[in-house]
Number of protein chains: 2
Amino acid sequence: MAAGTPVWSVDPRTGKQREQVTLEAAPADVDAAVRAAHAARGALADRAARTAFLRAAADLLDAEAARVVETADAETALGPARLTGELARTTGQLRAFADAVDEGSYLDIRIDRADASLTPPRPELRRYKVPLGVVAVYAASNFPLAFSVPGGDTASALAAGCPVVVKAHPDHPAASELCASLLRRAAAAAGLPEAVVSVVHGFDAGLELIRHPLVAAAGFTGSVRGGRALFDAAAARPVPIPFHGELGSLNPVVVTPDAAAERAEEIGAGLAASVTLGNGQFCVKPGLVLVPEGAAGDRLAGALAKALGETGPGVLLDHRMRDAFAAGVAERAALPGVTAPVAAGAAGEHAVGAGCLAVPARALLAGGPYDLLLEECFGPVTVLVRYAGQDEAGAVLDRLAGNLSATLHVSSAEAEGAPGPAAALVARVTELAGRIVVNGWPTGVAVAPAQHHGGPYPAATSHSTSVGVTAIERWLRPVAYQSVPEGLLPPELREANPLGLPRRVTGTA
Amino acid sequence: MAAGTPVWSVDPRTGKQREQVTLEAAPADVDAAVRAAHAARGALADRAARTAFLRAAADLLDAEAARVVETADAETALGPARLTGELARTTGQLRAFADAVDEGSYLDIRIDRADASLTPPRPELRRYKVPLGVVAVYAASNFPLAFSVPGGDTASALAAGCPVVVKAHPDHPAASELCASLLRRAAAAAGLPEAVVSVVHGFDAGLELIRHPLVAAAGFTGSVRGGRALFDAAAARPVPIPFHGELGSLNPVVVTPDAAAERAEEIGAGLAASVTLGNGQFCVKPGLVLVPEGAAGDRLAGALAKALGETGPGVLLDHRMRDAFAAGVAERAALPGVTAPVAAGAAGEHAVGAGCLAVPARALLAGGPYDLLLEECFGPVTVLVRYAGQDEAGAVLDRLAGNLSATLHVSSAEAEGAPGPAAALVARVTELAGRIVVNGWPTGVAVAPAQHHGGPYPAATSHSTSVGVTAIERWLRPVAYQSVPEGLLPPELREANPLGLPRRVTGTA
């Protein structure tokens with residue numbers, strides 16, 4: 001894991017090396033990539049070129065879909081169907097950010113007219129947002145496209161006008177290089193320097209990148225341990241920079257007694273589908289499910305077990321994850337009082353089987369070793385926590401750290417406002433998570449203007465989103481222009497509004 | 001400087017203790033204040049009570065203006081005129097934030113209708129922003145009102161729905177306690193717990209506060225050293241929190257050759273007034289002024305020296321600052337090649353005199369000990385850097401860290417777009433600062449919607465503003481509600497829009 005080490009693409013279905021993609025970057029390589037990106041920022045300031053670039057990138061990725069999906073599948077085992085959908089999401093994102101640049105409200109333009117009648121007199125002020133500079137993007141293992149080289153962090157940063165250097169994830173170096181080459185070709189086609197996007201490989205390169213003086217901000221999707229180490233490095237710099245990391249999440253689900261009574265089987269089956277989607281490798285996989293004790297809860301647990309039992313084995317992203325999954329499940333299952341209605345773990349030489357664990361809330365609340373159940377276990381497993389009443393359920397919620405999502409299953413009467421715990425639960429889980437789902441499942445994070453994919457730490461290291469159009473806000477800072485003559489103003493702020501941008505104006509001309 | 005140490009109000013005009021105000025807070029005191037604030041957050045969620053509280057606080061402060069100004073003046077020597085203006089700014093801020101809560105666009109409400117025709121289908125999403133929780137506010141020395149207990153950080157946090165614990169500044173403990181009592185009385189009058197605002201004193205208490213698990217964010221105005229220490233503590237927490245610090249700024253000014261030729265005397269006199277405003281104790285005091293070599297620049301320097309020479313001595317906020325000012329000026333003046341056209345420094349037993357230093361750009365660019373000239377010197381002094389051409393001016397700008405403001409003086413022809421360095425300078429200094437002023441002065445930061453008071457580090461530790469209505473954004477985080485039935489939604493997001501809030505809607509019902 002040092003400069004010059006060969007970077008191999010590995011097939012997780014066999015554990016075999018497919019091809020040597022490149023070498024890990026040396027400090028000089030990282031420095032060169034960042035400097036070239038920094039030098040390209042002026043070109044990227046051209047809005048028309050930027051949107052043309054984003055759209056050309058989407059078109060090229062779509063045109064090369066077969067090759068992109070095949071390459072990503074060969075080194076992630078995520079399957080062509082999932083990857084075809086992920087590519088559509090990725091190109092949709094690129095186009096959505098181009099549209100956002102055209103629309104312009106992300107600039108949050110505000111104009112205050114001078115007003116001599118105020119005490120003190122107000123000068124003319126015109127404010128918009130400018131790009132921060134070079135953005136470092138740390139790609140995710142589990143989304144080789146949508147949260148990697150051509151993913152949301154890259155798309156939003158480029159849309160903001162920030163050149164990007166991506167630290168590729170070692171689980172998909174070939175797909176990373178392929179996507180990077182397409183993005184760079186799209187940049188050239190739009191008349192921009194190719195250096196607006198580049199890719200580096202290697203753990204050490206990632207640390208070099210976060211410490212580089214010309215890197216102005218970072219985006220990250222990955223583990224709590226890796227993300228926190230980079231967050232700490234970003235904060236410890238002589239000039240600290242924003243670090244927008246999406247780290248880890250349990251994604252708690254609460255099933256009310258009335259909901260269980262009303263549709264135990266439906267909830268159990270839906271939960272199984274959500275837990276096993278993408279082989280349990282989603283950051284919003286429901287990892288802890290509060291289910292009432294008693295017959296209805298038992299039926300729910302039974303339906304979940306049945307559906308999980310019918311799920312065939314699957315291949316995780318790499319063998320390290322497979323080993324960690326098997327070990328993590330075993331360690332949890334070994335806790336006294338924890339049962340494994342369906343045993344998850346290694347299946348055959350390369351795959352894993354999905355499963356679930358169950359524990360009484362009062363055992364979990366004993367703390368100590370049981371706190372392990374409050375940590376994310378990446379892969380197709382979930383923990384059912386059987387609770388005896390709202391107080392016990394509340395006590396479990398009180399133990400949770402921040403989450404990307406929290407999900408409630410309520411009865412149809414509760415959904416219509418009938419007395420019950422539902423309303424208080426919505427308020428309670430709002431304190432714990434960035435997205436609240438009712439009578440649905442958290443997996444499937446729509447790319448939409450009202451989306452929020454983030455949440456209290458450790459779900460995220462900042463209060464921003466990594467999905468949806470407001471993700472662009474992470475890469476911008478406001479600047480106010482005071483009494484600046486029209487001819488010296490940036491076009492976005494000129495009185496004549498030559499770019500036709502939305503603006504909020506206070507006072508009269 | 002430990003729990004139980006007496007906290008004295010000191011008259012900087014005499015250096016004498018006026019009265020013992022209270023004792024420094026013990027860890028248990030800090031804990032009690034934070035827990036009471038945390039418990040009060042539910043009450044503060046009531047928008048009507050919150051706005052009533054903010055307006056009642058403004059009214060009470062205005063009603064008690066004489067006592068507030070007298071108390072603040074006695075321990076800061078800022079003078080009744082300045083403090084009367086600062087109080088008006090402070091109460092204006094409180095009312096402006098109440099208006100912003102009523103208006104509601106700060107919630108950034110976005111609603112996406114469900115759309116089954118999309119791939120994948122989009123669920124209904126409704127997003128707004130919720131308060132973070134208890135906010136720690138670190139008060140400034142130089143604004144005992146507008147950036148202290150009842151100041152912008154407090155007002156914006158309360159407006160966002162966040163209870164506040166203020167760490168008072170030791171330069172004005174009596175004013176801090178008086179203002180806190182008025183804020184707490186206003187809270188009670190609005191039916192809120194008094195614990196929505198409290199004050200603690202003492203250096204150790206400030207550290208306890210930033211580390212308290214129930215503190216969710218912090219605002220700070222002060223020195224680079226103090227701010228960075230607190231920033232580091234905030235980042236090192238098990239759960240890191242946002243730290244919005246305004247630390248230090250040189251506030252560079254560039255005078256173009258044509259501007260100097262056109263109005264050297266006017267610029268020199270204006271500069272003197274800006275440097276000595278508030279006795280040089282503004283965070284936006286121009287501390288480094290790029291003036292062309294040659295006759296016009298000489299006339300500018302002469303006008304500056306004349307005006308500074310006519311400025312009487314003034315009293316700084318405390319004797320520690322006075323000593324630091326005198327030492328800082330002396331250390332800079334001792335650098336070979338640096339001259340002191342008007343010698344700043346101690347004047348008499350308690351006051352200081354204003355002055356300026358001058359240095360050729362080529363000396364400054366030698367670096368080493370000359371880097372001291374690129375650090376803020378708090379008090380009534382500025383450094384003229386005489387440059388030989390645009391390249392030399394640019395080289396000096398390249399050496400600067402981030403700033404709150406950057407100011408350009410250009411000729412009337414340059415202001416109208418005549419060829420010259422002006423346009424490139426606007427773009428260049430935009431990279432260096434949060435506010436760009438042309439043909440004016442940076443002192444006087446209007447409280448206005450388009451204001452931005454922040455800038456690249458060390459001007460600020462985040463990309464937010466501490467002045468103006470967008471300051472409220474610092475204390476909020478987005479939450480998205482997916483497929484949540486109308487009856488379980490917060491009122492702000494209900495389809496019927498019972499609160500009449502502005503919203504952006506995507507798709508059709």
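Letters A, B, ... are given to chains in the order of the sequence lines, protein chains preceding strands, and every chain is numbered from 1. All figures in this text were calculated on a predicted structure; none of them were measured in a lab.
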> Taking all atoms of both residues into account, what is the closest heavy-atom pair of A/A234 and A/F243, and its distance?
Replying inline: CB-CB, 4.0 Å
> Counting only N and O atoms by type, is there a donor-acceptor contact under 3.5 Å from the side chain of B/T465 to the main-chain atoms of B/H453?
Replying inline: yes
>> Suppose a student defines contact as a heavy atom less than 4.5 Å from any heavy atom of chain A. Which residues in residues 127-135 of chain B would they list?
In response: B/R127, B/V130, B/L132
>> Could you measure the distance from the OG1 atom of A/T407 to the CG atom of A/L425? Nearest 0.5 Å is fine.
In response: 12.0 Å
>> Quick one, B/Q451 with B/V445, criterion side chain to side chain contact (heavy atoms under 4.5 Å, CB included). Give me CA distance, side-chain angles, the key distance, then yes/no.
In response: CA-CA 8 Å; B/Q451 186 56 277; B/V445 182; 3.5 Å; yes
>> Regarding A/D99 and A/R95, does a basic nitrogen lie under 4.0 Å from an acidic carboxylate oxygen?
In response: no
>> Let's test your reading of the structure: which of B/G402, B/P456, B/P485, B/G455 forms the most heavy-atom pairs below 4.5 Å with chain A?
In response: B/P485
>> Quick one, A/R237 with A/V215, criterion side chain to side chain contact (heavy atoms under 4.5 Å, CB included). Give me CA distance, side-chain angles, the key distance, then yes/no.
In response: CA-CA 11 Å; A/R237 292 164 47 113; A/V215 167; 4.3 Å; yes
> Would you call the rings of B/W475 and B/H244 parallel, tilted or perpendicular, where under 30° means parallel and over 60° means perpendicular?
Replying inline: perpendicular
> Does any heavy atom of chain B fall under 4.5 Å from the side chain of A/A415, the backbone, both, or neither of them?
Replying inline: both
>> At a 4.5 Å cut-off on heavy atoms, which part of B/V469 comes close to chain A: side chain, backbone, both, or neither?
In response: side chain
> Measuring heavy-atom distances to chain A, does B/P238 have an atom under 4.5 Å in its side chain, in its backbone, in both, or in neither?
Replying inline: backbone
> Is there side-chain contact between A/R228 and B/P240, with at least one heavy-atom pair below 4.5 Å?
Replying inline: yes
>> Under a 4.5 Å cutoff for heavy-atom pairs, which residue among B/A422, B/S483, B/G440 has the most contacts with chain A?
In response: B/S483
>> Less than 4.5 Å to any heavy atom of chain A: does that hold for the side chain of B/E473, its backbone, both, or neither?
In response: side chain
> Would you find a donor on one side and an acceptor on the other, under 3.5 Å apart, between the side chain of B/N403 and the backbone of B/S405?
Replying inline: no
>> Quick check on the interface: out of B/A446, B/P478, B/A423, who has the most heavy-atom pairs with chain A under 4.5 Å?
In response: B/P478
>> Counting only non-hydrogen atoms closer than 4.5 Å, does A/R41 touch chain B with its backbone (N, CA, C, O), its side chain (CB onward), both, or neither?
In response: side chain
> Would you say the side chains of A/R122 and A/T506 form a donor-acceptor pair under 3.5 Å?
Replying inline: no
> Can you say whether A/E486 sits under 4.5 Å from chain B via the side chain, the backbone, both, or neither, judging by heavy atoms?
Replying inline: neither
> Are the side chain of A/D112 and the backbone N or O of B/A450 linked by a donor-acceptor pair below 3.5 Å?
Replying inline: yes
> With only heavy atoms counted, which part of B/N439 is less than 4.5 Å from chain A, the side chain, the backbone, both or neither?
Replying inline: neither
> Do the side chain of A/R435 and the main chain of A/L404 share a donor and acceptor less than 3.5 angstrom apart?
Replying inline: no
>> With chain A as the partner, which of B/G487, B/G417, B/A235 has the greatest number of non-hydrogen pairs under 4.5 Å?
In response: B/A235
>> Is A/T430 close to chain B through its backbone or its side chain, or both, or neither, when contacts mean heavy atoms under 4.5 Å?
In response: both
> Which atoms of A/A401 come close to chain B, meaning under 4.5 Å heavy atom to heavy atom: side chain ones, backbone ones, both, or neither?
Replying inline: neither
>> Taking side chain as everything from C-beta outward and backbone as N, CA, C, O, which of these in A/V410 sits under 4.5 Å from a heavy atom of chain B? Side chain, backbone, both or neither.
In response: side chain
> For B/L488, is it the side chain, the backbone, both or neither that has a heavy atom under 4.5 Å from a heavy atom of chain A?
Replying inline: both
> Given that the side chain runs from C-beta out, which part of B/P242 has a heavy atom under 4.5 Å from chain A: side chain, backbone, both or neither?
Replying inline: side chain
>> Under a 4.0 Å threshold between the charged nitrogen and the carboxylate oxygen, would A/D108 count as salt-bridged to A/R110?
In response: yes
> So which of B/L489, B/I111, B/T470 has the biggest tally of heavy-atom pairs under 4.5 Å with chain A?
Replying inline: B/T470
> Given that the side chain runs from C-beta out, which part of B/R89 has a heavy atom under 4.5 Å from chain A: side chain, backbone, both or neither?
Replying inline: neither
> Going from CG on A/L400 to CG on A/L432, what distance comes out if it is rounded to the nearest 0.5 angstrom?
Replying inline: 6.0 Å
> Just how far is it from atom CG of B/D115 to atom CG of B/L125, taken to the nearest 0.5 Å?
Replying inline: 11.5 Å
> Relative to chain B, which segment of A/A433 carries a heavy atom at a distance below 4.5 Å: side chain, backbone, both, or neither?
Replying inline: backbone
> Between A/Y481 and B/V426, is a side chain to side chain contact (heavy atoms under 4.5 Å, CB included) present by the stated rule, with each step listed?
Replying inline: CA-CA 10 Å; A/Y481 293 82; B/V426 170; 4.0 Å; yes
> Under a 4.5 Å heavy-atom cut-off, does chain A meet the side chain of B/A427, its backbone, both or neither?
Replying inline: neither
> What part of A/E416 is in contact with chain B, defined as an atom under 4.5 angstrom from a non-hydrogen atom: side chain, backbone, both or neither?
Replying inline: neither
